[in-house]
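Numbers restart at 1 for each chain; the letters A, B, ... are given by sequence-line order, proteins then strands. In this text the structure is predicted, and so the values were computed from the model without any measurement.
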Amino acid sequence: MEKGTEKNQSESSDFVKQITKKSDDFSRWYVDVIKKAELADYSSMKGIMVIRPYGYEIWELIRDQLDKMFKETGHRNAYFPLFIPESFLKKEAEHVEGFAPEVAWVTQGGHEELEEKLAIRPTSEAIICSFYAKWINSWRDLPVLINQWANVVRWEKVTRPFLRTTEFLWQEGHTVHATYEEAEEETLRILDIYTTFCEKYLAIPVISGLKSQSEKFAGALKTYCIEPLMPDGRALQAGTSHNLGQNFAKAFNIRFENQNQELEYAWQTSWGVSTRLVGAVIMVHGDDSGLILPPKVAPLQAVIVPISRGNWKETVLPEAQALFQELKKNGFRVYLDDRDTYTPGWKFAEWEMKGVPVRIEIGPKDIENKQLVLVNRLNRDKCFVKRDEVTAALEKLLEEIQQRLLERALDFREKNTHEAFNYAELMDVFDNRKGLVRAGWCESNQCEIKIKDAAAATIRVIQDKKDERFKRCSVCGAEAKHTVLFAKSY
RNA sequence: CGGGGCGUAGCGCAGGCUGGUAGCGCAUCGGUUUUGGGAACCGAGGGUCGGAGGUUCGAAUCCUCUCGCCCCGACCA
């Protein structure tokens, strides 16, 4: 009767959606999905977020799988202190300089001013190296292959849930080796683990390769990284693996006696991935209806929605419970949504928003026909399966979805990877298209800076193998030493 | 650190110009009917209007200061 009611009715379709369309405003979509799917919540402190159970469960699945892969390659977990004395951090000059702008400091304990202020670790090279100096004496002590799962703090100016937060969770591997070659081998082994993990488990294809000198980790000799392409055309640095050379060994005096009875500085690596991976999963796979989780890292792979009509609690519910038990016993992560406060339609929308890959509907008609309805989150395709064949059917569908997500992401990347043979072509891509640009590079820092200034884009990776078609540096025209991929990034 | 936007119920917002009982939708709680794509109706609860100061008989509203958050750019996983 009043204006308010009319307005509400005319806009009811918008209220149903509740989240911004991915194509309308990618940033808002991203934040909407995170909030509505209850992955994370903002705290009252800037840039500091809470990872809620559903979001944390994704991280746990990521963590558990990676942990397994690290252990399979001989790594062991340990835990080092959260605090790093200032003097430790200062030992490696480049390292300090690189991290100084974003370190949080503790200057007081209780009512006492500290004699030496303590950094809250932005990364743990400094504290870990100080211990390695004590633990390593002989070539027989090597290699040391340690990983830690921890939180770190970086006082970033601009933050975004999962992608860049003041405090975040990650793993950081810190290894020590007797030779450069071994360290390099380790660096690449981890890069390979990251690449495999992203593609096989997260269904996110990544480009891996070397960073340029200006983009490498502060204190490293070489930094390798994995870079997936996001739907808005920007690249995301999703993981890094550094060959530290002897830089930290020299700064922290990590020496060992080799087989020739000579004292030698050790060779080190460090590598990490963070909760940023959760952000990548959200961005790469989600759609206008919300999240889409790859089955391998979905906290719930299937949700059972009993169709509630009439005396459903006596008829449908027991069947649904039996199905739930059966699927659970067979190792699926499954949930039975038996709430009677919501209608089936509401539940459908809810679980789609939360990205559950498969919905299983069971109603009176299904029970009568000894069948179930399996619904694919990707396209809402429904298929009827025989009740006693559900395990095999679900397994197959989950595999299909996992595979399809990777294909879809790969296809998007192919369509958004361009080539530029000269400056005009390079700028044309930045101005008129989006995505990655493959181009030649002369290896000079000036050319990197020029592109950064002109297009806010950087070299994301230097390709492993030079592509001979790119004979000239696309910026200055000099002879190309490498083939690189440029992109705007997060 | 620059540019923009915004702080009013758990969430999303209106009200502000022109000072005078603090509102709407969603959510929540109770009830009835429903339930195969976000159900309907009836009823109820919930607020120091970001904070401080000022003007005024009276401030969510006007003035001054301040704090915080979000988005877009320069730096980083």
Side-chain angles (χ1 to χ4, degrees), chain A residues 2-20 25-28 30-32 35-36 41-49 98-103 122-123 152-172 194 211 214-218 223 225-227 236-242 270-280 289-290 305-313 316 339-353 359 361-366 373 375 380 382 452-453 456 458 488-490:
Chain A
E2 285 186 302
K3 264 191 269 173
T5 344
E6 274 177 336
K7 191 179 163 195
N8 177 30
Q9 275 170 353
S10 66
E11 288 177 359
S12 61
S13 59
D14 293 333
F15 287 122
V16 169
K17 285 288 180 211
Q18 286 189 341
I19 48 176
T20 310
D25 185 338
F26 186 67
S27 292
R28 281 195 54 188
Y30 179 73
V31 174
D32 283 354
K35 283 189 179 169
K36 301 282 182 201
D41 198 7
Y42 288 96
S43 75
S44 58
M45 295 160 287
K46 179 183 159 63
I48 295 180
M49 70 167 186
F99 280 100
E102 51 194 50
V103 172
T123 177
V152 287
V153 167
R154 298 185 185 178
W155 221 258
E156 304 282 359
K157 301 222 161 106
V158 177
T159 58
R160 280 160 89 83
F162 292 111
L163 299 179
R164 190 183 300 101
T165 48
T166 304
E167 179 184 358
F168 59 95
L169 303 179
W170 76 345
Q171 59 69 215
E172 44 180 331
Y194 287 164
K211 282 289 189 198
S214 67
E215 294 279 322
K216 72 167 193 197
F217 176 74
T223 289
C225 66
I226 50 168
E227 299 262 344
L236 180 76
Q237 184 166 311
T240 47
S241 183
H242 316 291
S270 71
W271 28 274
V273 295
S274 70
T275 34
R276 178 177 268 193
L277 288 178
V278 177
S289 303
V305 179
I307 302 307
S308 43
R309 33 174 27 174
N311 59 340
W312 70 282
K313 284 193 177 171
V316 179
R339 293 175 291 179
D340 55 8
T341 43
Y342 297 99
T343 61
W346 195 93
K347 292 175 183 176
F348 296 167
E350 168 85 355
W351 293 111
E352 277 172 11
M353 189 191 53
R359 177 176 76 243
E361 298 177 16
I362 176 167
K365 280 183 265 174
D366 305 309
V373 185
V375 186
R380 296 187 183 176
K382 290 188 177 190
K452 200 166 185 174
D453 290 344
T458 50
K488 294 178 185 181
S489 76
Y490 274 92

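- Panel note: side chain Thr223(A), backbone Phe217(A); a donor-acceptor pair is recorded below 3.5 Å.
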Donor-acceptor pairs under 3.5 Å, side chain of residues 155-168 of chain A to any protein atom, not counting sequence neighbours: which ones?
| residue | atom | partner | partner atom | Å |
| --- | --- | --- | --- | --- |
| Thr165(A) | OG1 | Glu167(A) | O | 2.8 |
| Thr166(A) | OG1 | Gly47(A) | O | 3.3 |
| Glu167(A) | OE2 | Asn151(A) | ND2 | 2.9 |

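- The CD1-C1' distance, from Ile362(A) to rG37(B), rounds to 18 Å in whole Å.
- Between rC69(B) and rU8(B), the two P atoms lie 15 Å apart (nearest whole Å).
- Checking rG36(B), rU35(B), rU28(B) against the side-chain heavy atoms of Trp312(A) singles out rU35(B) as nearest.
- The separation of rU18(B) from rA59(B), taken at their C1' atoms, amounts to 14 Å, rounded to a whole angstrom.
- rG36(B) atom C1' lies 14 Å from atom CZ of Arg380(A), rounded to whole Å.
- Rounded to whole angstrom, the span from the OH atom of Tyr342(A) across to the C1' atom of rG37(B) amounts to 17 Å.
- When all heavy atoms of Pro122(A) and Val103(A) are compared, the pair lying nearest together is CG-CG2, 3.9 Å.
- Following rounding to the nearest Å, Ile307(A) (CD1) and rG37(B) (P) show an atom-to-atom distance of 8 Å.
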(message) For Watson-Crick and G-U wobble pairs within 3.5 Å on both distances, what is RNA chain B written in dot-bracket notation, | included for inter-strand pairing?
(response) ((((((((.[[[[.)....(..]]]].((((((.....)))))).....[[[[[..)....]]]]])))))))....
(request) Mark up nucleotides 70-77 of chain B, 5' to 3', with B wherever a protein heavy atom is under 4.0 angstrom from a base atom, S wherever such an atom reaches only the sugar-phosphate, and - elsewhere. (result) SSSBBBBB
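- Rounded to the nearest Å, the gap between the C1' atom of rC70(B) and that of rU32(B) is 43 Å.
- Nucleotide rG38(B) holds its P atom 9 Å from the CZ atom of Phe348(A), rounded to whole Å.
- Side-chain atoms of Lys35(A) do not come within 3.5 Å of backbone N or O of Tyr30(A) as any donor-acceptor pair.
- When rounded to the nearest whole Å, the span between CZ of Arg339(A) and P of rU28(B) equals 10 Å.
- When heavy atoms are screened at a 4.0 angstrom cut-off, Val305(A) is found touching no nucleic acid atom at all.
- The residues Glu227(A) and Lys211(A) are annotated as salt-bridged, a charged nitrogen and a carboxylate oxygen being separated by less than 4.0 angstrom.
- Arg339(A) and Trp346(A) get closest at one heavy-atom pair: NH2-CZ3, 4.0 Å.
- Between the NZ atom of Lys36(A) and the P atom of rC26(B) there is a distance of 14 Å, rounded to whole Å.
- Across the protein-nucleic acid pair, Asp340(A) atom CG and rG36(B) atom P stand 15 Å apart, rounded to whole Å.
- rA22(B) and rC63(B) are spaced 22 Å apart, taking the P atom of each and rounding to whole Å.
- Dashed line: the shortest gap from a side-chain N or O of Thr343(A) to OP1 or OP2 of rG38(B) is not under 4.0 Å.
- Arg276(A) contributes no side-chain N or O that, together with a main-chain N or O of Ala238(A), makes up a donor-acceptor pair within less than 3.5 Å.
- Comparing the P positions of rG58(B) and rU21(B) gives a spacing of 15 Å, expressed to the nearest Å.
- Using a 4.0 Å heavy-atom distance criterion, Asp366(A) is classed as a base contact.
- Across the C1' atoms, rC49(B) and rG7(B) are found 10 Å apart, a figure rounded to whole Å.
- Between Lys35(A) and Glu350(A), the residue anchored closer to the 5' end of RNA chain B is Lys35(A), taking for each the nucleotide with the nearest heavy atom.
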